[in-house]
Structures are given as structure tokens and as C-alpha cells.
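Reading through the C-alpha cells given below for one structure.
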Amino acid sequence: MLPVRMKFVQLLCMKPGKLETLFQIPFCQKQFPFMCLATSTCLHSKKKKVNSYELVDQEKYNNLVSSVTSYKTGAQTPETIFEEDNWLYGPPKQQKRPVKAETKAPKHWVPLINPNKKIPLLNNDSNFPMKIPLQENKTKMPSVTHILQQTISPQQAIYLERWKQKMILELGKDGFAEYTKNLFLQGHLFHAALESVFLSEEMVTKEQREDVTVSGYLSSVERVLKDISEVRALESAVHHEGLQYLGLVDCVAKYRGQLCVIDWKTSEKPKPSLKNTFDNPLQVAAYIGAINHDANYDFQVSCGLIVVAYKDGSPAHQHFMAPELCSEYWNKWLLRLEEYMDRNPPKLSSAEIKGVIEAFPTEGAQVPLHLAVTLDVTVEHPLQAKAFATQLAAMHHSIVTGAGGELRNGRGRALEP
DNA sequence: GGATCCTTCTTCTTCTTC
């Protein structure tokens, strides 16, 4: 109670103009002992309507202060305090919610679904899933997992490091290395077993069946497998032609009738919600975008599925990602990719310089390359494209992730999709 | 034959009061 009164007095000091109003309203009559009123009548002289702070009788004012602060009767109730506060500070303002960190938008947005991809009317009905080896992508492009690892949030990095140090304390350095090696091995074996399941009618090889761990994971996904059909790709390399990244997709198949990029995961801990899978949804979205922009695949995918399998055979958690959710994660992926590209701008090879020269032959020419964009390089005339390219190469500047660019008025810029 | 690549996993939140 006392602090409220103190504040009240403070306010009186700060806003002398309020004194007038204070003693006119009925509430204070209820609240303050007679002595206060007496004092107030002195202060509140109609002749001196100016009522500036200097005019306050300091001695009497001190009395007011002491009378107020020593006011100890139990007359205050929560209601009167509320009333008082309300008068002093005005009606309570709605507590402003902390503004959510603005959802960042990627600088150069590229759609997840490729509007230019022609899907053959007659679907290639070979029942054999595609498996494109990695080596076909000769150019040096960063991979999805590498980009995600390099752009992990500081918070996540701290948790991971803390966990790692704890494990090393428990197991020792060698023990920890053995532990991670084992985890990776389990993942590999599980993937291999799944591939056998999808490729051959007969379930799995003898060794795989006999492997206790793998059989646990397999029985964990047994029910999911019943919902999988029309496997279109297995452990197949994908690369995004515009955005210049690559990856190895686990599986593309229909899950309950919808074509999905499927990521099979093994986990020690249960992961009942999609949020428990950390960056996995971004990985899936990145693969979907890559498939849709990879000429090797004559189909497009708009859904994703993350299956988390458990060693003890308990039912796997399946997280289906509908198209809207995939788009959401696609945007998050684009941001991570941009962050990575900003930190590791690709250097131009001589072949790429040649590509730039060829791509900028005339004014307004389209540049169907990943090498477009915020080029702070100016050329006087299109014929100077060569000089421009050389300068560009020298700077190996802001190569963008956009779908393309153009040269207009001697300046390269990104094309809005 | 060796080297390299991609991937395989690992993390997770607070506070008060009744």
C-alpha cells in the first residue's frame, strides 16, 4: 500500500497542475483525511489559478506528505487502490506483446514448384526407381546437409556443443568417436535395408534380417511401409539448376497416394512432433525444390514425409508435410541458402567467366545463369561485356542465387521471378 | 587403389502460484 501512496505523492510533485483536479473529484474526499482537505483548500485558491509549483507552501506541503505517508488506517481495499491507480495512471493499457521477430523473406525468392517443367503425358512407367549417381554433377556445388550444418543457429550450435562435451566427459574421446560411428552405421544399415525392401520382392537379405538393430528399425516402420507405393527414386542425386546446390534424396514415393520426398531417420530419442526433427524439414524442402528444378526428373513433388524409426521396434513417428508446410520450410531453406552464399561467395572459374561473356552479348540479354545479380559493376556499353565479365570475375562479387539476371543500361541486375 | 563426396546422428524453454 505504501508504495502506491509514495507514487501518488511523487506524482503530485511532478504534476502540480493535477492538484486542482485532485481535490475536486469525489474519490479523494473519500480517501484522504480531513487534514488533507484543509491543506488543499489553502492551495486551491481561486485567485491563484496559476497554481505553479513555486507557489506551493512548502511547510504545509510537507505536512501533506507526512500525513499521507503515515496514513495507516485500513480503509484501502483492492478496489480503492485500483481506483486510485486508475486515476493516477489512467486506465491500464493492454500489455504489448513482444513483437515477434519479423518473418524474414528471402531476398531472391524462387518457387518450390517449377512452373516451366514439362511433365510428359505418358509417365515413364518403368517400375524401376531412379538412382542417379552423384558423380554426374561434376561442378562443385555445396550440398544440402553441408549448407544446413554451416548455417546452424547459434542456439542450436551451443546445445550441440554442450551435449558433445558432456558425452566426451562420460565416454572419453575415443568412446564418443565409437558412439557416433555406431549411430552412423545404424543409419546406413537401416537405409540399405530399406532399399532392399523397395527393390526386391523378397524382404531383406539374410544378414539384414539377422541384424538385431536393423530388424528393430524395420519393424518400427512396418506400418508406414504399407502406406508407401510407386517408388520413383532411391538414394538418387538431385541438383537445383538455378540455385546451384545438390543433394542425395533418400526416397521419392507415394505415401497414401501423394508423391513425397521421404526421409528415413533413426533416432534414440522419440520424436513425436515435426519440431523435434530440427532441420530435417528444411532438408526435405530443399530436396523437393531440387527435384522440381532438375531436368533428370520428369515429375514434380509437392509433399514431404519424415519417418523416425526406433531401434526397439516401437512404431515409427511419421510426419507428413503437406504442400503448404513444404512451402513454409522452402522459404526457411532459401534463407539458409542465402546466408551460406553470402558467407561463401562462389569464385568464378574461367569456364564461368566465359559463360558470363556469352550470356551478356547484347543489351537486355537474359542471363540464364546462377551468375547474375547485384553486380556493382557498371559497363558503359554492351560491347564492353568482356571487360565487365573480367571485372566481375576479379571481384567474384555477389553471385546470386536467383533464377536469372539481365543486363540493362549496362548494369546487371536480378530478374524478379 | 586411393581420395573425395553425401549422408548417416547428436540439441530443445523459461517462470510463478495454489
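Just so you know, these numbers come straight off a predicted model, no measurement behind them. Only heavy atoms go into these numbers, but all of them, side chains included; no hydrogens, no water, no symmetry mates.
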Under 4.0 Å from OP1 or OP2 of B:dT10: is there any side-chain N or O of A:R162 that close?
no
Find the distance A:I152:CD1 to B:dT10:C1' and express it as a whole number of Å.
9 Å
Are the side chain of A:D294 and the backbone of A:V238 linked by a donor-acceptor contact shorter than 3.5 Å?
no
Among B:dT10, B:dT8, B:dT11, which nucleotide sits nearest the side chain of A:K269?
B:dT11
What is the distance, to the nearest angstrom, from the NZ atom on A:K166 to the P atom on B:dT11?
9 Å
Classify A:N280 by what it touches in the nucleic acid, base, sugar-phosphate, or nothing, heavy-atom distance under 4.0 Å.
nothing
How would you label the contact of A:N276 with the nucleic acid (heavy atoms, under 4.0 Å): base, sugar-phosphate, or nothing?
base
A:L171 CG to B:dC9 C1': how many Å, rounded?
14 Å
With the criterion set at under 5.5 Å between ring centres and under 30 degrees between planes, would B:dT11 be stacked on A:F278?
yes
Counting just side-chain N and O atoms, does A:S143 come under 4.0 Å of either OP1 or OP2 of B:dT7?
yes
The nucleotide from B:dT7, B:dT10, B:dC9 with an atom nearest the side chain of A:K271 is B:dT10
OP1, OP2 of B:dT8 versus side-chain N and O of A:Q283: anything below 4.0 Å?
yes
Within the pair A:K265 and B:dT8, is there a side-chain N or O less than 4.0 Å away from OP1 or OP2?
yes
Look at the side-chain N and O atoms of A:T266 and state whether any lies under 4.0 Å from the OP1 or OP2 oxygen of B:dT8.
no
Hey, which sits more toward the 5' end of DNA chain B by its nearest nucleotide, A:W264 or A:Y159?
A:W264
Tell me whether A:S220 contacts the main-chain N or O of A:A316 through its side chain, where contact means a donor paired with an acceptor under 3.5 Å.
yes
Look at A:T145 and B:dC6 and indicate whether a side-chain polar atom (N or O) is within less than 4.0 Å of OP1 or OP2.
no
Can a donor-acceptor pair be found, under 3.5 Å and without considering hydrogens, that links the side chain of A:K117 to the backbone of A:F299?
yes
Rounded to the nearest Å, what distance is computed from the NE2 atom of residue A:H191 to the P atom of nucleotide B:dC6?
16 Å
Establish, with yes or no, whether the OP1 or OP2 oxygen of B:dC6 is under 4.0 angstrom from a side-chain nitrogen or oxygen of A:Y245.
no
Mind checking if A:Q155 touches a base, just sugar-phosphate, or nothing, with heavy atoms under 4.0 Å?
nothing
Answer yes if the ring centres of A:F176 and A:W163 are under 6.0 angstrom apart, and no otherwise.
yes
Looking at the side chain of A:F184, which of B:dC6, B:dT11, B:dC9 is the nearest nucleotide?
B:dC9
Establish, with yes or no, whether the OP1 or OP2 oxygen of B:dC12 is under 4.0 angstrom from a side-chain nitrogen or oxygen of A:K275.
no
To the nearest angstrom, how far is A:N182 atom CG from B:dT10 atom P?
12 Å
Ignoring the backbone of A:Y287, work out which of B:dC12, B:dT10, B:dT7 is nearest its side chain.
B:dT7
Whole angstroms only, please: what is the CG-P distance between A:L194 and B:dT8?
12 Å
Candidates B:dC9, B:dT11, B:dC6 - which lies nearest the side chain of A:L183
B:dC9
Between B:dT11 atom C1' and A:L160 atom CG, what is the distance in whole Å?
5 Å
May I ask you to check whether A:W333 and A:Y287 place their ring centres under 6.0 Å from each other?
no
Are side-chain N/O atoms of A:Q318 and A:Y255 paired as donor and acceptor at under 3.5 Å?
yes
Over how many whole Å does the gap from A:L148 atom CG to B:dT8 atom P extend?
11 Å
